Amino acid sequence: MRFKKAIYCLIILLTLGSGFTWSQPPDEISIGSKKFPESRLLAEIVAQYIENEGNIKVNRRLGLGGTLICFEALRQGEIDLYPEYTGTGLTAILNRPIEGKESQEIFEEVKTAFDQKYDITWLDPLGFSNKYAIVIRNTFDISRISELNVIREKIKLGFSHEFLNRPDGFAGLSAHYGFGEMNVRGMEHGLVYMAIEQGEIDVTDAYETDGKLVRYNLTMLEDDLGFFPPYEASLVVRNGILSSFPGLKNKLQELSGSISTQKMRELNYEVEVQGKSMEEVARNFLVGGGWINPSELRVGSASSGLLVQQTWRHIQLTIIATLLAVIAGLPLGIYITRNEKMAGLILGFSNVIQTIPSLAILGFMIPLFGIGFKPAIAALFLYGLLPIIRNTYAGIRTIDPRLIESGTSMGLNGWQLLYMLELPLSTRVIMAGIRTSLVINIGTATLAAFIGAGGLGDFIITGITLNDHSLIMKGAVPAAILALAVDFILGKVEKRIGPKGVVS
Amino acid sequence: MIQVNDLVKSFKNIPVVDNLSFKVHTGETLCLIGPSGCGKSTTLKMLNRLIEPDQGSIRIDREDIKNQDPVKLRRSMGYVSQQGSLFPHWTVRQNIGMVPRLEKWPKEKIFKRTLELLNLVALEPGEYLEKFPDEMSGGEQQRVSIARALANDPSMMLLDEPFSALDPLTKFQLQKEFLEIKKKLHKTTVFVTHDLQEAFLLADHILLMNSGKTMQYGTRSDLQERPSNEFVKNFLKAQIHAI
């Protein structure tokens, strides 16, 4: 009977969970950004600009994992626009060569290709170019990139993962300049300055507009052999949204040419070094440039929202995913106790899923489900499956065979054996599996912020990109408390719903 | 009447039951006895189709059981096995009432039957109804097992070494009570044991097996006075020495 109650509770929770809406109302514009501060700041500027111009609502989907995630989201219509760089569009998305092309040439090429291939418009550039740059600790007395080769045995290089893996990143640079073997490693971009400060590395990649260059003692090396192509910032917009909002294109075009490289570096400095909020810096910029009138100021809600909201989002993500994992995993676990041949196959398969890095699983889900809540649920669901299948299987298999035999001999059929004997006696083991699954998912769900699903990971990722420890703690501490609390509560539940008369 | 004809069962090509034939007359108790691995338990499990024979037939009241629904067949045979076969998460009352519940008896009838059965196996209902199996001694558990097997008043009983894990005193007590029940109820019974004393005490007929074959079928005095071969002689001698 206790078991039945537990099942009813699960069903009720699930119905509540599925009431959550995934669809978007059509009267709003979704603005995305990559996870680094400049991209977020530009998106925030555009968001406030739109909010203050008319009656259009803005949905901020800031801090998405990377170029391909943003682009994929745009193509799927999950977001309507985001700031992109011409060079990135050409190389990373179109996969075309960039060597020797001029700024204007690149812009025309991406503009035409995106319009034809993807139904996406490149608006005129915002005014600054954010080329990659190579910076070195200023204790090394060099000023040109080609000189790196001379001192290559004395320096340690640390690059952001994206820079390491892009054709126009380190591989291309190294080939172009004919570098010999160097000591190179990849790291999160937000951490490279700390690594430089602590002497872990001496050289890294940066952007020309990087506000932090001022603060750390770094020299920006001259690209003397002209490898880095221009990266002009621009807004990429779905054509669909431009036709739904007729005035939008002209309004957005007004921002073109409004931000110089120097201005962008200053804005970045305010956010990254002075620690001002994105909202504040964006507002000051818009007011200062006369784009919006301070008296008519309407302030939208920030994407990273309140702690309570993100915690609730986090709980929704993990609970819904785990419930789905229970709904699929429990029957699968039972099925393989009846069909030993499949047991190896299904357990093996769910084991393999577990070994795939969680970020990769999240990435795989994007082509299938877009970005946001759904792909995160799908990935967490797959992640939560193994402990549930394995424990259901183990729980039932370890029941004394004499009990099964005596039950069968009393004339119980397979179904009766299952619900009268096997499930009640393995409740504790199954619950332990569900508990493991839920706790794993609370941790993994912090990564879901990379694909725009929100949750406590938003604070952590923003904190890492801004190198803001208190923001990281704001996400990490509640996530840890949540995991401990769930572990504790489910531990109690396990004891309560376990069958009486059985000493575990 | 149970009629077993030319029963054969092999596991991995090793015959465990080898051309076995016997009868159990209505209302009598047959003890299957023999050394470990002689095939007696396998034979019992073929009677309620836990194991399907390779060859041969089993008829109950002339009807071949392979044509019967196994669940119905099993409900017509009360089953008692070794200690530890009560459902550990259920009380005595729930355990005894299991089959009647499945057969949708009204609650009051199940309760009345449970009291009746507890009295039959000499357990005080007030004390035992709400006990869980692990709160009882081995002897008490086996009494409950017998009560559970009799719950829907089946026409036959299958017992698989029900008393073998009990201490000698408790065992003797239960054997005596089993005899009482047998006299009262006259169920057609197949009782597997490896204990000759037990077989002599409880059986109307004894089937002594070795390597899946019949060594001798007969009454206690048949075996004692007219052992049909050396194996029977030695088996009797060894068991009597052991006591």
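In what follows, chains are A, B, ... by sequence order, proteins preceding strands, each numbered from 1. Everything quoted here is computed from the prediction, not taken from an experiment.
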Item to check | Which residues share a side chain to side chain contact (heavy atoms under 4.5 Å, CB included) with B:Gln94, sequence neighbours left out | outcome: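 Counting only residues at least two positions away or on another chain, B:Gln94 forms a side chain to side chain contact (heavy atoms under 4.5 Å, CB included) with B:Trp90, B:Thr91, B:Arg101.
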Next on the checklist: Heavy atom to heavy atom, less than 4.5 Å: which residues from residues 28-64 of chain B reach chain A?
Outcome noted: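 Those residues of residues 28-64 of chain B which have a heavy atom under 4.5 Å from chain A are B:Lys45, B:Asn48, B:Leu50.
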Indicate yes or no: does [X] engage [Y] in a salt bridge with an N to O separation below 4.0 Å.
| X | Y | result |
| --- | --- | --- |
| A:Glu422 | A:Arg338 | yes |
| A:Asp458 | A:Arg313 | no |
| B:Glu116 | B:Arg113 | yes |
| B:Asp204 | B:Lys182 | yes |
| A:Arg402 | B:Asp160 | no |

Where does [X] contact chain A at under 4.5 Å (heavy atoms): side chain, backbone, both or neither?
| X | value |
| --- | --- |
| B:Ser85 | both |
| B:Gln83 | backbone |
| B:Leu158 | neither |

Item to check | Test: B:Arg148 cationic atom under 6.0 Å from B:Phe87 six-membered ring centre, within 45° of axis | outcome: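 Flagged: B:Arg148 positioned over aromatic ring of B:Phe87.
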